[in-house]
Amino acid sequence: MVMVIPFLVMLVASCSTFDNINDLRKLRYQGGSQKGAEVCASCHEQVYNQWSKRSRHSLATKSKPFRHAVKTYSNHFIIGQFMDETMCYSCHGRKEVNEGVNCETCHGTVLPGVPIEKTHSDKFTPRLKEMRKPDFCARCHQSKTPISGDALSSTFTDWQASKAAASGKTCQSCHMKKRNGDERAYHGFDTFIRDESIYQGDITISRIRTSRRELRLTIENRIGGHSIPAGGPTRILALELSFRDREGGELFTRRITFAKRFSLLPIVGTVPFMLSENTQLRSNEKRVLRVALPEDILLQPKRVVIVLRMYEVSEEYEGNVDKAHWVSKPILKREVGL
Ligand code: HEC
Ligand code: HEC
Ligand code: HEC
Ligand code: HEC
Ligand code: HEC
């Protein structure tokens with residue numbers, strides 16, 4: 001360990017990234033003390049319900065994986081030297097309030113000692129203009145790894161490169177669009193964790209063909225706005241193929257994953273260091289996949305069952321679904337004769 005710390009300091013210093021690390025500690029929202037979402041709930045019941053029941057923002061400080069990951073980093077005898085919980089709370093909300101990314105995190109804190117109407121006219125209304133731009137979401141939905149500076153989460157730059165951006169569609173126009181019965185901009189920010197049906201229709205599989213010992217198929221990301229999975233390496237989309245014989249017995253399986261993969265910081269592990277591979281499906285991308293079939297005549301499949309699922313990992317950045325703590329129900333399931 002005596003050797004390791006100087007090594008790490010050298011590594012960090014040689015890339016002159018202390019700035020970069022301190023950058024991660026900067027609050028992505030306004031400082032000051034919060035009153036909590038209950039205050040807003042008394043007049044904005046519908047928005048409050050959408051946020052608290054559907055959005056993952058309301059879980060951002062509470063989820064088990066988050067609390068576990070914060071502890072792991074802070075308590076680690078090496079990582080703890082340069083990474084601490086202020087980094088995590090700079091995007092996930094206030095530790096002491098423990099409501100995740102709440103109304104005041106995004107809209108600003110209530111001005112103390114003045115009627116709430118004044119906070120509306122002095123702060124909430126003037127801020128809305130900036131908040132309707134994707135740059136506002138980017139503060140938290142775009143981030144870099146501390147040392148290499150590779151994009152850890154790239155939802156914003158993905159969006160910038162998308163057709164949706166070119167046609168003027170913003171994060172807000174897709175994610176906060178009013179639905180039936182909404183009086184105000186939708187605040188559910190749908191997440192897979194709370195509603196497994198949200199990706200229905202967003203990913204398609206087509207042109208399934210077999211030829212010369214391979215199976216070919218096309219997978220398409222139909223979200224015009226960004227990659228799937230969106231964001232960083234904590235989400236892994238997997239295409240799972242089960243090859244069957246005539247009677248339906250399983251002969252063999254294959255899995256193809258779509259994810260960002262990072263190599264970890266040497267020696268310390270757990271800290272994403274450099275982007276090693278990115279197989280996320282870009283917006284509107286159609287990708288042809290080829291799966292080799294065995295030469296053994298006894299293993300010639302007659303049917304294939306195709307399932308798409310999303311996996312979630314927390315402190316693991318190598319795209320390994322076996323370390324997932326959560327897996328979705330099938331987003332799509334098809335059985336095809338070969
Ligand atoms: C006493 C009732 C009340 C409380 C409490 C309240 N609001 Fe409002 N809010 C209103 C009313 C009424 C409007 C609509 C009138 C307006 O647009 O100013 C409104 C409008 C808004 C708007 C839209 C402003 C605009 O110009 O369109 C935002 C944003 C907002 N509130 C945020 C909040 C947040 C965040 C909280 C909690 C910190 C909160 N409000 C608490 C009554 C309230
Ligand atoms: C203050 C930081 C912050 C801002 C600003 C912010 N988000 Fe988030 N958002 C988060 C965090 C943190 C999470 C993950 C919460 C968790 O699961 O622990 C999240 C989760 C989400 C999710 C669910 C993601 C998933 O993988 O389950 C969506 C969708 C989302 N945000 C959209 C938006 C949009 C659109 C905007 C801009 C209008 C926005 N966010 C602004 C911090 C922020
Ligand atoms: C730049 C903003 C930002 C910072 C800093 C940040 N996060 Fe996140 N985090 C997010 C966003 C946004 C998501 C949602 C997934 C995505 O889009 O990648 C998320 C998702 C997560 C998740 C998966 C969601 C869940 O609850 O299972 C975990 C775990 C997590 N973050 C832990 C941490 C820890 C630990 C730290 C501090 C070392 C940290 N985050 C720092 C923005 C941030
Ligand atoms: C992740 C950031 C985020 C969180 C959390 C958030 N808001 Fe908003 N809110 C926005 C954005 C962005 C807009 C502007 C949306 C638009 O007009 O497209 C907005 C708009 C509003 C409006 C005006 C809507 C309209 O249609 O005129 C009200 C009212 C409001 N928010 C209240 C709240 C309350 C109350 C909470 C907490 C329960 C809350 N917000 C939590 C980002 C957030
Ligand atoms: C053209 C519409 C569109 C645009 C633009 C768009 N998104 Fe999305 N996004 C979606 C759809 C559709 C999904 C799939 C889940 C759903 O239906 O909400 C999604 C998923 C996500 C998720 C993952 C949710 C989960 O649980 O897996 C995050 C995070 C997210 N978007 C953030 C953003 C941010 C930040 C921006 C702007 C930089 C943005 N999106 C722009 C349509 C869009």
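Just so you know, residue 1 is the first one in the sequence shown, and it goes up from there. For ligands, and for the atoms within them, numbers begin at 1 and follow the listed sequence.
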Visitor: Which atom name does His120 have for its N/O/S atom nearest to atom 8 (Fe) of ligand 1?
Guide: NE2
Visitor: Identify, for atom 13 (C) of ligand 5, the protein heavy atom at the shortest distance, and state residue, atom and that distance.
Guide: Ile223 CD1, 3.3 Å
Visitor: Using a 4.0 Å heavy-atom threshold (strictly under), name the region of Thr125 that reaches ligand 1: side chain, backbone, both or neither.
Guide: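 The answer is both, backbone and side chain.
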Visitor: Are there protein heavy-atom neighbours of atom 16 (C) of ligand 1 below 4.0 Å?
Guide: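 Under the 4.0 Å cut-off, atom 16 (C) of ligand 1 has no protein heavy-atom neighbours at all.
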Visitor: In terms of the angle between their ring planes, are Trp51 and Tyr48 parallel, tilted or perpendicular, with boundaries placed at 30° and 60°?
Guide: tilted
Visitor: Does any N/O atom on His141 come nearer than 3.5 Å to any N/O atom on ligand 5?
Guide: no
Visitor: With a 4.0 Å cut-off on heavy atoms, is Val47 touching ligand 4?
Guide: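 So Val47 counts as touching ligand 4.
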Visitor: Verify the contact flag for atom 10 (C) of ligand 1, where contact means a protein heavy atom under 4.0 Å away.
Guide: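 Given the 4.0 Å limit, the answer for atom 10 (C) of ligand 1 is yes, a protein heavy atom qualifies.
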Visitor: For Arg235, state whether at least one heavy atom is located under 4.0 Å from any atom of ligand 5.
Guide: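 True for this residue.
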Visitor: Please report whether ligand 1 has a polar contact with Glu104, defined as an N or O pair separated by less than 3.5 Å (distance criterion only).
Guide: no
Visitor: Would you check whether Thr155 has a nitrogen or oxygen atom less than 3.5 angstrom from a nitrogen or oxygen atom of ligand 5?
Guide: no
Visitor: N/O of His226 under 3.5 Å from N/O of ligand 5, yes or no?
Guide: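 Min N/O separation from ligand 5 is below 3.5 Å for His226.
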Visitor: For ligand 5, which atoms, with element, lie under 4.0 Å from some heavy atom of Phe192?
Guide: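 Result: 25 (C), 26 (O).
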Visitor: Applying a heavy-atom cut-off of 4.0 Å, say which part of Met131 lies close to ligand 4: side chain, backbone, both or neither.
Guide: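 The answer is both.
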Visitor: Looking at atom 8 (Fe) of ligand 4, is one of the N, O or S atoms of Cys106 less than 2.8 Å from it?
Guide: no
Visitor: Can a non-hydrogen atom of Arg184 be found less than 4.0 Å from any atom of ligand 1?
Guide: yes
Visitor: Restricting to N, O or S atoms of His44, which is nearest to atom 8 (Fe) of ligand 1?
Guide: NE2
Visitor: For atom 36 (C) of ligand 5, find the nearest protein heavy atom and state the residue, atom name and distance (0.1 Å precision).
Guide: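 I find the closest protein heavy atom is Cys171 SG, 2.9 Å.
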Visitor: With atoms numbered from 1 as shown, which atoms in ligand 5 lie under 4.0 angstrom from a non-hydrogen atom of Cys174?
Guide: 1 (C), 2 (C), 3 (C), 4 (C), 5 (C), 42 (C), 43 (C)
